[in-house]
Amino acid sequence: MASLSASSSSSSLLTLLSLARVSGFIVAALVISWALLFNSSFLPHSSSHEGLIYAVLHPLLMVIGFILISGEAILVHRWLPGSRSLKKSVHLCLQGVALASGIFGIWTKFQGRDGIVANFFSLHSWMGLICICLFGAQWLMGFLSFWQRGEMRAVRVKVLPWHIFVGLYTYGLAVATAETGLLEKLTFLQTNRNVSKRCPESMIVNCLGLSLALLSGMVIFAAVSPKSQSLRTKLLFTESSTKPE
């Protein structure tokens, strides 16, 4: 019975991981399609090629570089074989790449012709800055904790639940920030450029928002699902403790 339940848990986790990967692929395909097919929407009134590149890089870096890679980092502990040290190293490296992408993605908004203040007035921009600050602090704490040994072990055990909570909260906040950015951009396009609600660009942006919501649900669900090994150990302990002497 224990092996059957553990096998079922492992199969469910594999399904979640597969759904997360499929959702991530759809998100990447949609944001790339939006950036390539409708790039004039990102900077409609500028003839500067450099400005257009910066404008297009922002959604690519924040969605693919920040959200997708950080989501993959969260899932590392669920699928990567090997020691805990290896998993933590890969997790830390992927989160570092995601953080660098997020910082560079925000930096691209500093290159706008209207100046810094003009690009940081909305709820989307405020949430983005808060998200990057939280993510940076989380990564720094993880980096310092990873390289500490010995007497710091007890501290890491106490901090781990908070590390997991803040990590998942920040990931969810990143997705929510992306959703507000999509809504803000689509509202601007439909109001100022008379983009139809049923045009291909609107459909791509709406599908991107739905795909991001699905992706975040799959990643967080997979992250909080019990590991098959832990479940197997608990079931074996329960069975052995309930056996009559």
Same cluster (ILVMFWY, side-chain, under 4.5 Å), [X] and [Y]:
X      : Y      : value
Leu68  : Leu210 : no
Val22  : Phe25  : no
Leu134 : Leu99  : no
Phe135 : Ile74  : yes
Phe42  : Leu57  : no

Distance-minimising heavy-atom pair for [X] and [Y]:
X      : Y     : value
Ser211 : Ile26 : OG-CG2, 3.4 Å
Lys87  : Gly82 : CE-O, 3.7 Å
Val219 : Ala20 : CG2-CB, 4.3 Å
Ser33  : Ala29 : OG-O, 2.7 Å

Mind checking whether [X] and [Y] have side chains closer than 4.5 Å, heavy atoms only?
X     : Y      : result
Trp34 : Lys185 : yes
His77 : Lys88  : yes
Leu75 : Leu16  : no
Tyr54 : Phe110 : no

To the nearest 0.5 Å, how far apart are [atom1] in [X] and [atom2] in [Y]?
X      : Y      : atom1 : atom2 : value
Trp162 : Met141 : CH2   : CE    : 11.0 Å
Leu14  : Leu19  : CG    : CG    : 9.5 Å
Leu208 : Met203 : CG    : CE    : 13.0 Å
Thr187 : Leu183 : OG1   : CG    : 4.0 Å
Ser70  : Phe66  : OG    : CZ    : 5.5 Å
Met62  : Ile103 : CE    : CD1   : 9.5 Å

Between the side chain of [X] and the main-chain N/O of [Y], is any donor-acceptor distance below 3.5 Å?
X      : Y      : answer
Thr191 : Phe188 : no
Ser202 : Arg198 : no
Arg78  : Ala222 : yes

key: Those residues that, when tested against Val63, pass side-chain contact (heavy atoms from CB on, under 4.5 Å) (two or more places apart)   =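 If we apply the side-chain contact (heavy atoms from CB on, under 4.5 Å) test to Val63, skipping adjacent residues, the hits are Val27, Val31, Leu212.
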For this session: Name all residues meeting the side-chain contact (heavy atoms from CB on, under 4.5 Å) criterion together with Leu214; count only those two or more places apart in sequence or in a different chain, and write none if there are none.
Result: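 side-chain contact (heavy atoms from CB on, under 4.5 Å) list for Leu214, sorted by chain: Ser23, Met218.
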Quick one: list whatever passes ring pair (Phe, Tyr, Trp, His ring centres under 6.0 Å) with Phe104, sequence neighbours left out.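 Only Trp107 meet the ring pair (Phe, Tyr, Trp, His ring centres under 6.0 Å) criterion with Phe104.
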Checking one residue: Trp126. Which other hydrophobic residues are in its cluster under the side-chain 4.5 Å linking rule?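 Besides Trp126, the cluster holds no residue at all.
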Output side-chain donor-acceptor pairs under 3.5 Å for residues 163-180, partner residues at least two apart or in another chain, one line each.
from, atom 1, to, atom 2, distance (Å)
His163, ND1, Gln138, NE2, 3.1
Thr170, OG1, Val166, O, 2.7
Thr177, OG1, Leu173, O, 2.7
Thr180, OG1, His124, ND1, 3.2
Thr180, OG1, Thr177, O, 2.6

**Item:** side-chain contact (heavy atoms from CB on, under 4.5 Å) evaluation trace for Leu186 with Asn206
**Value:** CA-CA 9 Å; Leu186 196 56; Asn206 287 335; 3.5 Å; yes
* Working for side-chain contact (heavy atoms from CB on, under 4.5 Å), residues Leu60 and Ile32 -> CA-CA 7 Å; Leu60 293 177; Ile32 291 174; 4.1 Å; yes
**Asked** What residues form a salt bridge (Lys or Arg N to Asp or Glu O under 4.0 Å) with Glu201, not counting sequence neighbours?
**Response**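 So Glu201 forms no salt bridge (Lys or Arg N to Asp or Glu O under 4.0 Å) with any residue.
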**Request:** Answer with yes or no after comparing the ring centroid distance for Trp139 and Phe143 against a 6.0 Å cut-off, counting only values under it.
**Result:** yes
